[in-house]
**Student:** 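One structure, as structure tokens, below. Some questions next.
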Amino acid sequence: MKALSSKGHLKKRAGAENNTGTEAQGMNILLVYPETPVTFWSMKHAVDFIGKRSAEPPLGLITVAAMLPERWDRRLIDTNVTDLTDDDVRWADLVFLSGMDLHRSSFEQIAARCKRLGATVVGGGPFCTMHHDEIEHVDYFVLNEAEITLPEFLSDFRAGHPKRVYATDRHPELDSTPAPQWGLLDIQAYATIDIQYSRGCPFDCEFCSITAMLGRKSRCKETTRFIAELESLYQHGWRGSVFIVDDNFIGNRRKLKEDLLPALTRWSAEREYPFSFTTEVSINLADDEPLADAMLAAGFRMLFVGIETP
């Protein structure tokens, strides 16, 4: 299937899908993650030392992949692990490109390359959400949280009249968030595997963009849903480090103590602790020794602690 060479071709294809009332025609979706530069976050030399290709996978993209229509074909290229080829781009009807601010250089290079090859590029993620008005070579922006904006884009796309920018100031509850598609990963290429329990943070630090993007309410997945995601990762064969990527895992301490951590402790013990958990917390964890003990019992072995605003 050839790449879409123009917006007119895109609209013709989308309109045809809408008229049939089915997803039978299908689409080829290429999800691309930019190269992480050598910074603290890349852990480049550390992952080389332990024989891995990258510190962690693109959790956002493999979650977005699970939100796409079931009949659409999808491929993931994490450029930290696999080279992006021209044939990959030509295969795609849509290229979904995401990243953070530190990916700016690689993101812009990939977007320009995709446009030279005639691809239609859809941009999303934190970098696009904060800077989309500065970014070239992207046809459509799906910003903020994809549970709200991605269905709107897909609906318009299938109808043949997609807008350039999809944005929202709403924050979804996480009960609609599907489990990541672990099968898209070369899972053994990573030093740790990411998973998400909550979004948002109750604090409002002036140097942090998290509350601007995700709000000050700590929105948590239901415990059964989160445990099911861990189980799917376990069944996929992963053993070792799991990074719970929440910007402040202890944003809702009552729910952690009463609900999640007891269930997580049981799950981990029943499987002989297959995962060693890492997460990010605010410094006030030091005031809550029972919570710290409960996290230790559940399998947490390392914490990234914010100390900027004591």
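What you are looking at is a predicted structure, and each value in this text was computed from that prediction instead of being measured.
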**Student:** Under 3.5 Å, side chain of R113 to main-chain N/O of L84, donor-acceptor pair present?
**Tutor:** yes
**Student:** May I ask you to test the L260-F226 pair for a side-chain heavy-atom distance under 4.5 Å?
**Tutor:** yes
**Student:** Determine the interplanar angle of the W72 and F157 rings, folded into 0 to 90°, and report it as parallel if under 30°, tilted if 30 to 60°, perpendicular if over 60°.
**Tutor:** perpendicular
**Student:** Is there side-chain contact between L97 and F107, with at least one heavy-atom pair below 4.5 Å?
**Tutor:** yes
**Student:** Decide, yes or no, whether a salt bridge links K163 with E152 under the criterion of side-chain N to carboxylate O below 4.0 Å.
**Tutor:** no
**Student:** In chain order, what residues pass the ring pair (Phe, Tyr, Trp, His ring centres under 6.0 Å) check against F300, with sequence neighbours excluded?
**Tutor:** F249, F277
**Student:** Tell me if the NZ atom of K257 is crowded by more than 12 foreign heavy atoms within 6.0 Å.
**Tutor:** yes
**Student:** Under 3.5 Å, is there a donor-acceptor pair between the side chain of T85 and the main chain of D88?
**Tutor:** yes
**Student:** D194 side chain to L59 main-chain N or O, any donor-acceptor pair under 3.5 Å?
**Tutor:** no
**Student:** Within the 4.5 Å heavy-atom criterion, are E229 and P180 side-chain neighbours or not?
**Tutor:** yes
**Student:** Between E147 and R170, does any NZ, NE, NH1 or NH2 come within less than 4.0 Å of an OD or OE carboxylate oxygen?
**Tutor:** no
**Student:** Tell me if the CD atom of E231 is crowded by more than 12 foreign heavy atoms within 6.0 Å.
**Tutor:** yes
**Student:** Quick check: does any side chain N or O of S268 sit under 3.5 Å from a backbone N or O of G299, one acting as donor and the other as acceptor?
**Tutor:** no
**Student:** N284 side chain to D287 main-chain N or O, any donor-acceptor pair under 3.5 Å?
**Tutor:** no
**Student:** Between the side chains of K115 and D139, is the shortest nitrogen-to-carboxylate-oxygen separation below 4.0 Å, so that they form an ion pair?
**Tutor:** yes
**Student:** Can you list everything that forms a side chain to side chain contact (heavy atoms under 4.5 Å, CB included) with R104? Sequence neighbours excluded, please.
**Tutor:** E108, F127, H131, E134
**Student:** Is the backbone N or O of P151 less than 3.5 Å from a side-chain atom of S155, with the two atoms forming a donor-acceptor pair by type?
**Tutor:** no
**Student:** Verify the neighbour count for atom CG of D83: are there more than 12 heavy atoms of other residues, nucleotides or ligands below 6.0 Å?
**Tutor:** no
**Student:** Is the backbone N or O of N80 less than 3.5 Å from a side-chain atom of D78, with the two atoms forming a donor-acceptor pair by type?
**Tutor:** yes
**Student:** Taking the side chain as everything from C-beta on, heavy atoms only, tell me whether T177 gets closer than 4.5 Å to P172.
**Tutor:** no
**Student:** Taking M67 as the starting point, is it possible to reach Y33 by hopping between hydrophobic residues whose side chains are less than 4.5 Å apart?
**Tutor:** yes
**Student:** Quick one, D247 and L214 - any side-chain contact, counting heavy atoms below 4.5 Å?
**Tutor:** yes
**Student:** Which pair of non-hydrogen atoms, one from A65 and one from Q181, has the smallest distance, and what is that distance?
**Tutor:** CB-OE1, 3.7 Å
**Student:** Any heavy-atom pair between the side chains of I244 and T278 that's under 4.5 Å?
**Tutor:** no
**Student:** Look at the rings of W267 and Y234 and say which category their plane angle falls in: under 30° parallel, 30 to 60° tilted, over 60° perpendicular.
**Tutor:** perpendicular
**Student:** Got a donor-acceptor contact below 3.5 angstrom from the S42 side chain to the P37 backbone?
**Tutor:** yes
**Student:** Taking C-beta and beyond as the side chain, do I250 and M295 meet within less than 4.5 Å on heavy atoms?
**Tutor:** yes
**Student:** Checking the side chain of N28 only, and the main-chain atoms of D93 only, is there a donor and an acceptor separated by less than 3.5 Å?
**Tutor:** no
**Student:** Run the salt-bridge test on E145 and R199 with the 4.0 Å N-O cut-off and return the result as yes or no.
**Tutor:** yes
**Student:** Once you round to the nearest 0.5 Å, how far does CG of L184 lie from CD1 of I187?
**Tutor:** 11.0 Å
**Student:** Are K221 and D175 within salt-bridge range, i.e. N to O under 4.0 Å?
**Tutor:** no
**Student:** Quick check on the 6.0 Å ring-centre criterion: do Y166 and Y140 meet it?
**Tutor:** no
**Student:** Is there a side-chain contact between L230 and F275 (heavy atoms, below 4.5 Å)?
**Tutor:** yes
**Student:** Is a side-chain donor or acceptor of N144 paired with a backbone partner of T168 at a separation under 3.5 angstrom?
**Tutor:** yes
